[in-house]
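A quick write-up on the structure given underneath.
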Amino acid sequence: MEAAALRVGRAPATIRLLGATKSVDIARIRTAIQAGLALCGENRLQEALPKIESLKGLPVEWHFIGRLQRRKVKAVVGRFRMIQSVEDLELAEEIQRRSEEAGIDQPVLLEVNIGSEASKGGFEPHALERAMPELLAMRRLRIQGLMTIPPPEDDPERARPHFRRLRELAQSLARRDLPGLSMAELSMGMSHDYAVAIEEGATIVRIGTALFGTRSEHP
Ligand SMILES: *Cc1c(COP(=O)(O)O)cnc(C)c1O
């Protein structure tokens, strides 16, 4: 991470490592936190809750990074420091509603379907620009930036144009000077392409396999 940052003249401290801890057991997550991991991302609520409970008190921030069903929003709001995977207006509205009920502000990232893949959730780039006024009217959502999972590619260089496009989208939104909007965070890059993502401006990289090894499909 540091080498990639220095290659493009970025300060390494401005990039955070998020451990993607799906299917990783509590003991190994604890070890990672003790070794300095400060951010953990979970994809499924049921799997995350016992981990958050067992590791309470340790210096770690939990982020929700998976597909979030609307009926689970109530349990996620306030429990996760950030919801990175806000993929459409309906989900945003539910987070707004549940946050309002709980009397809290919820930091979020907007997930962008940067490769316009039919199989993936997330805002299409132009749809996101159009949805901005509605999103900003949801006063309990604290929008901190964008997140993306680019189309799968063997060669990380082929992810570069997608990462660049996400950065340019964030920059164009930031230039509109919309009140209440922060585009400070760009969550992009995983085990095989994080270096390229950092070169293109990532502030959070989400790493599973490269930290914890290959996942079994049925934990
Ligand atoms: C699992 C996961 C990652 C990490 O993927 P690796 O290739 O194992 O590093 C990153 N982001 C999301 C949303 C994930 O679900």
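Counting convention: from 1, in listed order, for ligands and their atoms alike. All of these numbers come straight from a predicted model, not from anything done at the bench.
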Quiz item: Quick one: does R28's side chain have a donor or acceptor within less than 3.5 Å of a partner on F212's backbone?
Solution: yes
Quiz item: When you check the gap from the basic side-chain N to the acidic O, do E42 and K51 get nearer than 4.0 Å?
Solution: yes
Quiz prompt | Which residues share a ring-ring contact (aromatic ring centres under 6.0 Å, His included) with F123, sequence neighbours left out | solution = none
Quiz item: Under the 3.5 angstrom rule, does the side chain of R10 hit a backbone N or O of A202 as a donor-acceptor pair?
Solution: yes
Quiz item: Can you name the residues that come within less than 4.0 Å of ligand 1, going by heavy atoms only?
Solution: A20, K22, N43, I65, I149, M190, S191, R206, I207, G208, T209, R215
Quiz item: So which pairs with a foot in residues 178-192 pass side chain to side chain donor-acceptor pair (under 3.5 Å), sequence neighbours left out?
Solution: R16-E185, Q84-S187, E185-T203, S187-R206
Quiz item: Looking at residues at least two apart in the chain, or sitting in another chain, which of them share a ring-ring contact (aromatic ring centres under 6.0 Å, His included) with F163?
Solution: none
